[in-house]
Amino acid sequence: MEKLEQLYEGKAKKVFATENPELLIVSYKDDATAFNGLKKGTISGKGVINNRMSNFLMGKLLEPKGVATHFVEELNDRETVVKKVQIVPLEVIIRNISAGSFAKRYGVEEGIVFDEPTIEFSYKNDDLGDPLLNTYHALALKLATKEEIETIQTMAFQVNEALKAYFKTLGIDLVDFKLEFGRLSDGTIVLADEISPDTCRLWDDKTHEKLDKDRFRRDLGGVEDAYQEVMRRLMGE
Ligand code: TMP
């Protein structure tokens, strides 16, 4: 499958048309941003890792468990064929352990293990800084239907159970993560975007070392090594 014209360039990926109107090719970049694009940098090799990791988790872990995703076929280290979707403009965040904006917003330390995972939604809108919203707000803004939100919520918790258990076998605690969902042309909701150290907080379960983008966001150093370490545990390399 060949790339045709570029349709879109985001902060971490480019998206290209293909000869099939139902399929796109995404190309993962090494560019990294944080704080709504205020902080910019490069994480060498990140595009390859995020592409391969996301494809592995969607294609080999989630799809066999019945979670529909946009994944179709990995073309090469950085490029993947995905189903074309209309993105639901909600960032869906699941948390198992307190960290990040949760810890800040509610004035608690990071690292508190929750009895039950939490879910929250942000309105995917860079101009507004992705504001937090609840399902009533999402309905009022017509971002999705009630049925779609219920489907998204169910799928997000399924993804959490599968990922949490899998990462644990790699000695990694899945602290929290962000998902995005899309609609196929027939309206079916599928998991889209990516699952990577950019979009998950991953802590070593013994040392609690951060193995994710927080190393970039917080200037902790060892960013590339952390991404490589996740890849090594995931794919044995
Ligand atoms: P938060 O604690 O900053 O709200 O982040 C929660 C999770 O969502 C964390 O795993 C990082 C991920 N995330 C993104 O993927 N994109 C974003 O723009 C933000 C703010 C967080």
Side-chain angles (χ1 to χ4, degrees), residues 1-29 47 50-94 117 119-126 130 133-163 166 177-196 198-200:
M1 181 146 306
E2 294 288 309
K3 285 185 297 207
L4 299 180
E5 78 273 18
Q6 183 176 311
L7 300 175
Y8 171 79
E9 177 162 6
K11 286 181 278 202
K13 297 188 278 299
K14 294 178 185 175
V15 179
F16 297 88
T18 70
E19 59 267 30
N20 183 333
E22 304 280 341
L23 299 177
L24 301 173
I25 292 174
V26 293
S27 178
Y28 284 73
K29 306 190 287 182
N50 288 9
N51 181 46
R52 297 188 57 209
M53 175 170 169
S54 196
N55 293 343
F56 175 79
L57 294 174
M58 288 191 193
K60 298 275 191 324
L61 188 76
L62 297 174
E63 289 274 1
K65 290 191 187 295
V67 178
T69 77
H70 71 163
F71 174 72
V72 177
E73 183 193 5
E74 187 169 293
L75 290 179
N76 56 53
D77 271 359
R78 284 184 189 270
E79 295 177 338
T80 294
V81 182
V82 297
K83 292 177 185 163
K84 183 175 184 168
V85 298
Q86 179 191 43
I87 288 284
V88 177
L90 292 173
E91 299 205 342
V92 181
I93 295 158
I94 298 268
I119 189 164
E120 72 209 41
F121 300 104
S122 293
Y123 179 19
K124 188 173 155 62
N125 183 320
D126 281 342
D130 299 337
L133 46 61
N134 66 30
T135 56
Y136 296 94
H137 300 144
L139 289 172
L141 293 167
K142 296 195 174 1
L143 305 183
T145 66
K146 215 171 193 167
E147 293 70 32
E148 285 175 334
I149 293 174
E150 277 165 18
T151 302
I152 286 171
Q153 200 152 304
T154 303
M155 288 173 75
F157 282 122
Q158 281 173 351
V159 170
N160 184 46
E161 291 312 312
L163 291 184
Y166 185 68
F177 57 97
K178 184 262 301 180
L179 300 175
E180 295 183 26
F181 292 84
R183 300 177 187 98
L184 300 178
S185 55
D186 69 359
T188 307
I189 294 284
V190 300
L191 179 65
D193 195 50
E194 67 180 87
I195 306 172
S196 72
D198 275 18
T199 62
C200 303

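Only a predicted model underlies this, so the values are computations on that prediction, with no experimental measurement involved.
Rounded to the nearest 0.5 Å, atoms CD1 (Ile25) and CG (Leu7) are 10.5 Å apart. Here the CD1 atom belonging to Ile94 is positioned 11.0 Å from the CD atom belonging to Gln158, to the nearest 0.5 angstrom. Separating the CG atom in Leu23 from the CZ atom in Phe16 is a distance of 15.5 Å, to the nearest 0.5 Å. Of the inter-residue distances, the one linking Asn55 atom CG with Glu73 atom CD reads 10.0 Å to the nearest 0.5 angstrom. To the nearest 0.5 angstrom, Leu141 atom CG is 15.0 Å from Tyr136 atom OH. Once rounded to the nearest 0.5 Å, the distance linking CD of Glu120 with CG of Asn134 reads 11.5 Å.
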Can you list the steps and then say if Thr151 with Phe181 is a side chain to side chain contact (heavy atoms under 4.5 Å, CB included)? CA-CA 10 Å; Thr151 302; Phe181 292 84; over 6 Å; no

Does the pair Val15 and Val26 meet the rule for a side chain to side chain contact (heavy atoms under 4.5 Å, CB included), with working shown? CA-CA 5 Å; Val15 179; Val26 293; 4.0 Å; yes

Output, in order, the C-alpha distance, side-chain angles, deciding distance and verdict of side chain to side chain contact (heavy atoms under 4.5 Å, CB included) for Tyr28 and Ser54. CA-CA 11 Å; Tyr28 284 73; Ser54 196; 3.8 Å; yes

Can Ile195 and Phe177 be said to form a side chain to side chain contact (heavy atoms under 4.5 Å, CB included), step by step? CA-CA 8 Å; Ile195 306 172; Phe177 57 97; 5.9 Å; no

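Each of Leu139, Leu133, Thr135 was checked for a side-chain contact (heavy atoms from CB on, under 4.5 Å) with His137, and the lone residue meeting it is Leu133. Partner of Ile87 under the side-chain contact (heavy atoms from CB on, under 4.5 Å) criterion, out of Arg183, Glu180, His70: Glu180 alone.
Counting only heavy atoms from C-beta outward, the side chains of Lys13 and Asn50 never approach each other to under 4.5 Å. Between Val190 and Thr69, the closest side-chain pair of non-hydrogen atoms is not below 4.5 Å. At a threshold of 4.5 Å between non-hydrogen side-chain atoms, the residues Asn20 and Val81 do not count as touching. In this structure the side chain of Phe121 reaches within 4.5 angstrom of the side chain of Ile152, judged on heavy atoms. Within the 4.5 Å cutoff, the side chain of Asn51 has no heavy atoms near those of the Glu79 side chain. Two residues are said to be in side-chain contact when any heavy atoms from C-beta on lie closer than 4.5 Å; Lys60 and Phe71 fail this criterion. Looking only at side-chain heavy atoms (C-beta outward), Ile119 and Gln153 come within less than 4.5 Å of each other.
In this structure a side-chain-to-backbone donor-acceptor pair under 3.5 Å is present from Asp130 to Asn125. Between the Lys84 side chain and the Ala17 main chain, no donor and acceptor come within less than 3.5 Å of each other. Proximity of a side-chain donor or acceptor of Asp193 to a complementary backbone N or O of Gly182 within less than 3.5 Å is not detected.
Other residues, nucleotides and ligands contribute at most 12 non-hydrogen atoms within 6.0 Å of the CD atom of Glu2.
Between the side chains of Thr188 and Asp186, at least one donor N or O sits under 3.5 Å from an acceptor N or O.
What you find for Tyr123 and Pro89 is that their closest heavy atoms are CD1-O, 3.6 Å. The two atoms that bring Met155 and Val67 nearest to each other are CE-CG1, 4.1 Å, heavy atoms only. Heavy atoms only, all atoms of each residue included: Ala162 and Leu61 are closest at O-CD2, 3.9 Å. When all heavy atoms are compared, the tightest approach of Pro64 to Gly59 is CD-O, 3.4 Å. The shortest heavy-atom contact between Met58 and Ala192 is CE-O, 3.5 Å. Closest approach of Arg52 to Glu74, counting heavy atoms only: CA-OE1, 3.7 Å.
Salt bridge absent: Lys65 and Glu161 never bring a charged side-chain N and a carboxylate O closer than 4.0 Å.
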